[in-house]
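As the structure lists them, so they are numbered: ligands from 1, and atoms in each ligand from 1.
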Amino acid sequence: MRTAMLRSMLSRRSSRGFSSSAAPERKVVVLGAAGGIGQPLSLLMKLNPLVSTLSLYDIVGTPGVAADVSHINTRSKVTGYAGEDQLGKALEGCDVVIIPAGVPRKPGMTRDDLFNINAGIVKSLSTAIAKYCPHAIVNMISNPVNSTVPIAAEVFKKAGTYDEKKLFGVTTLDVVRAKTFYAGKANVNVAEVNVPVVGGHAGITILPLFSQATPTANFSAEDIKALTKRTQDGGTEVVEAKAGKGSATLSMAYAGALFADACLKGLNGVPDVVECSFVQSTVTELPFFASKVRLGKNGVEEVFGLGSLSDFEKEGLEALKPELKSSIEKGIKFANAN
Ligand SMILES: NC(=O)c1ccc[n+]([C@@H]2O[C@H](COP(=O)([O-])OP(=O)(O)OC[C@H]3O[C@@H](n4cnc5c(N)ncnc54)[C@H](O)[C@@H]3O)[C@@H](O)[C@H]2O)c1
Ligand SMILES: O=C(O)C[C@H](O)C(=O)O
């Protein structure tokens, strides 16, 4: 897609209520900016008129990405930071921190197989966030999200900076996929489709609520089962197609940019910004759970309940709880043991 088209698309989405010159100053940082997700996500954040300062951090490779992205003639000023000694500068004054830092899956792996490497990365980045931008909104992309979000929460609690309204596991890609697959099957305009996706972000913990999808479609139980499975296995579909060269990067960058844009709109006081996200929750007995949330000036303004579920979805909900509970507990245990 040509840059002008992308820019106009994003600015139409983003500037509701603001021209870019009237929008408040907002600093956004991408941690892991030189990676497969980080690079296209940095591009999309550069196109977002709600961003005034774009900070790009990675352990290596960020100067090149930052120089490249910085030539795009949009509002934000871009700075690249490479290596741990520059992490503080990258984070200072940030309103939104987006974290796609960490290793991706290869075929045959589960997201939990990434825990051993990514848990440590997320823990050290969260420690730095608590120190340098304790009031920032955090968008966690690094897998396994079901564990990395609880890790960040524990780190922030220990540092005395935890604000449950400001920590988000990014599950937007599940919603993006559910919308695409539903629209394709129903043969309706995907731009008009809405599907809540709840639970977590791994396998059966991803629970799309097709009974609440709009516009409604008359699908058989078998169709719903197949759509649910395809949504749950969407990440694996990409991992297998990439055959060892990583997982979803482009669709994830799109989803990450959508979610960060929603957070910025919320911060800027745009009303009725609602997205699904994995947050601290009392919707079920689990301490973290993805559901629809309303975003506002303080981050999460309201966590919505699940609404009415079909019998199939009720079964899915009960089935996902043990796995999600154990992934959450694994994250909490790691953060407190190390
Ligand atoms: N939430 C989701 O829906 C979703 C979707 C796709 C991928 N992911 C996850 O996102 C993560 C990144 O995927 P990718 O394809 O971009 O991987 P990648 O390997 O292409 O990029 C990761 C980047 O992180 C950087 N990095 C490593 N340690 C770091 C640290 N301590 N600080 C800063 N940067 C660091 C690497 O240098 C690299 O540039 C993976 O864990 C993947 O599973 C999540
Ligand atoms: O599947 C993965 O490992 C990456 C990501 O979580 C996804 O859903 O695409």
message = Under 4.0 Å from a heavy atom of Tyr57: which atoms of ligand 1 are those, numbered in the order shown and with their elements?
response = 32 (N), 33 (C)
request  = Enumerate the atoms of ligand 1 whose separation from the nearest heavy atom of Val145 is less than 4.0 angstrom.
outcome  = 1 (N)
remark   = Which of Lys157, Gln280, Glu154 passes side chain to side chain donor-acceptor pair (under 3.5 Å) with Tyr162? Answer is Gln280
key: Option whose closest heavy atom lies nearest to atom 6 (C) of ligand 1, chosen from Pro104, Ala253, Ala248   = Ala248
ask   = Which bit of Ile37 gets closer than 4.0 Å to ligand 1, counting heavy atoms only: side chain, backbone, both or neither?
value = both
ask   = Looking only at protein heavy atoms, which one is nearest to atom 25 (C) of ligand 1, and how far off is it?
value = Asp58 OD1, 3.2 Å
task = State yes or no: are the ring centers of Phe219 and Phe210 separated by less than 6.0 Å?
result = no
Tabulate distances under 3.5 Å between N/O atoms of ligand 2 and N/O atoms of the protein, writing both atom names on each line.
unit_1   : atom_1 : unit_2 : atom_2 : d
ligand 2 : 1 (O)  : Arg105 : NE     : 3.4
ligand 2 : 1 (O)  : Arg105 : NH2    : 2.6
ligand 2 : 1 (O)  : Arg111 : NH2    : 3.2
ligand 2 : 3 (O)  : Arg105 : NE     : 2.6
ligand 2 : 3 (O)  : Arg105 : NH2    : 3.4
ligand 2 : 6 (O)  : Arg111 : NE     : 2.8
ligand 2 : 6 (O)  : Arg111 : NH2    : 3.4
ligand 2 : 6 (O)  : Asn143 : ND2    : 2.8
ligand 2 : 6 (O)  : His201 : NE2    : 2.5
ligand 2 : 8 (O)  : Arg111 : NH2    : 2.8
ligand 2 : 8 (O)  : Arg177 : NH1    : 2.8
ligand 2 : 8 (O)  : His201 : NE2    : 3.3
ligand 2 : 9 (O)  : Arg177 : NH1    : 3.4
ligand 2 : 9 (O)  : Arg177 : NH2    : 2.8

message = Quick test: of every protein heavy atom, which one is nearest to atom 28 (N) of ligand 1, and how far off is it to 0.1 Å?
response = Ile121 CD1, 3.5 Å
query = With distance as the sole criterion, is a donor-acceptor pair present between the side chains of Lys292 and Ser277 under 3.5 Å?
reply = no
message = How far is atom 27 (C) of ligand 1 from the closest protein heavy atom, and which atom is that?
response = Ile59 CD1, 3.8 Å
inquiry  = Can you confirm, on distance only, whether ligand 1 has an N/O atom lying under 3.5 Å from any N/O atom belonging to Ser124?
reply    = no
key: Salt-bridge contact Lys314-Glu318 (side-chain N to carboxylate O under 4.0 Å)   = no
message = Between Leu54 and Leu50, is there shared hydrophobic-cluster membership here, with clusters defined by ILVMFWY side-chain heavy atoms closer than 4.5 Å?
response = yes
query = Any idea which atoms of ligand 1 are less than 4.0 Å away from a heavy-atom of Asn143?
reply = 4 (C), 8 (N), 9 (C), 41 (O), 42 (C), 43 (O), 44 (C)
key: Qualifying residue, where the test is side chain to side chain donor-acceptor pair (under 3.5 Å) with Arg105 and the options are Thr236, Thr110, Asp112, Asn143   = Thr236
query = Between Val60 and ligand 1, is there a nitrogen or oxygen pair with a distance under 3.5 Å?
reply = no
query = Any Lys/Arg nitrogen of Glu302 or Lys165 sitting under 4.0 Å from an Asp/Glu carboxylate oxygen of the other?
reply = no
task = Taking only heavy atoms of Gly36 into account, list the atoms of ligand 1 that are under 4.0 Å away from them.
result = 16 (O), 18 (P), 20 (O), 21 (O)
query = Which one holds for Met140 and ligand 1: side chain close, backbone close, both close, or neither close, with close meaning a heavy atom under 4.0 Å?
reply = neither
message = Distance to the ring centre below 6.0 angstrom and angle to the axis at most 45 degrees; does that hold for Lys225 and Phe312?
response = no
ask   = Are a donor atom and an acceptor atom from the side chains of Ser147 and Lys330 found within less than 3.5 Å of each other?
value = no
inquiry  = Applying a strict under-4.5 Å side-chain criterion to I, L, V, M, F, W and Y, I'd like to know whether Val239 and Ile206 cluster together.
reply    = no
query = What is the closest protein heavy atom to atom 22 (C) of ligand 1, and at what distance does it sit?
reply = Gly102 O, 3.2 Å
ask   = So which heavy atom in the protein is nearest atom 15 (O) of ligand 1, and how far is it from that ligand atom?
value = Thr249 CG2, 3.5 Å
task = Just let me know how Leu125 lines up against ligand 1, side chain, backbone, both or neither, with a heavy-atom cut-off below 4.0 Å.
result = side chain
key: Protein heavy-atom partner closest to atom 12 (C) of ligand 1 - residue, atom, separation in Å   = Pro100 O, 3.1 Å
key: Short N or O distance, His201 and ligand 1, threshold 3.5 Å exclusive   = yes
ask   = In terms of side-chain heavy atoms, does Asp223 have a donor or acceptor partner in Ser220 at a distance below 3.5 Å?
value = yes
ask   = After noting the C-alpha distance and the side-chain angles of Glu329 and Lys325, does the key distance pass the salt bridge (charged side-chain N to carboxylate O under 4.0 Å, His left out) rule?
value = CA-CA 6 Å; Glu329 285 170 354; Lys325 181 169 187 283; 3.1 Å; yes
ask   = Pick from Lys166, Arg26, Lys297: which one makes a salt bridge (charged side-chain N to carboxylate O under 4.0 Å, His left out) with Asp95?
value = Arg26
ask   = What part of Leu114, side chain from CB on, backbone N/CA/C/O, both or neither, has a heavy atom under 4.0 Å from ligand 1?
value = side chain
query = Which protein non-hydrogen atom lies closest to atom 1 (N) of ligand 1, naming both residue and atom, and how far is it?
reply = Ile141 O, 3.1 Å
note = From the list Thr127, Asp163, Val138, side chain to side chain contact (heavy atoms under 4.5 Å, CB included) partner of Phe156 resolves to Val138
inquiry  = At less than 4.0 angstrom from any non-hydrogen atom of Asn118, what atoms of ligand 1 do you find?
reply    = 41 (O)
query = Does Lys242 NZ have over 12 foreign heavy atoms under 6.0 Å away?
reply = yes
ask   = Between CG of Leu91 and CG of Leu125, what distance do you get to the nearest 0.5 Å?
value = 8.0 Å
ask   = Got the closest protein heavy atom to atom 5 (C) of ligand 1, with its distance?
value = Met252 SD, 3.2 Å
inquiry  = Quick check on Gly246 - does any of its heavy atoms sit under 4.0 Å from an atom of ligand 1?
reply    = no
request  = Check whether more than 12 heavy atoms from other residues, nucleotides or ligands sit under 6.0 Å from atom CD of Glu84, and answer yes or no.
outcome  = no
request  = Report the member of Leu250, Val30, Val103 with the shortest heavy-atom distance to atom 41 (O) of ligand 1.
outcome  = Val103
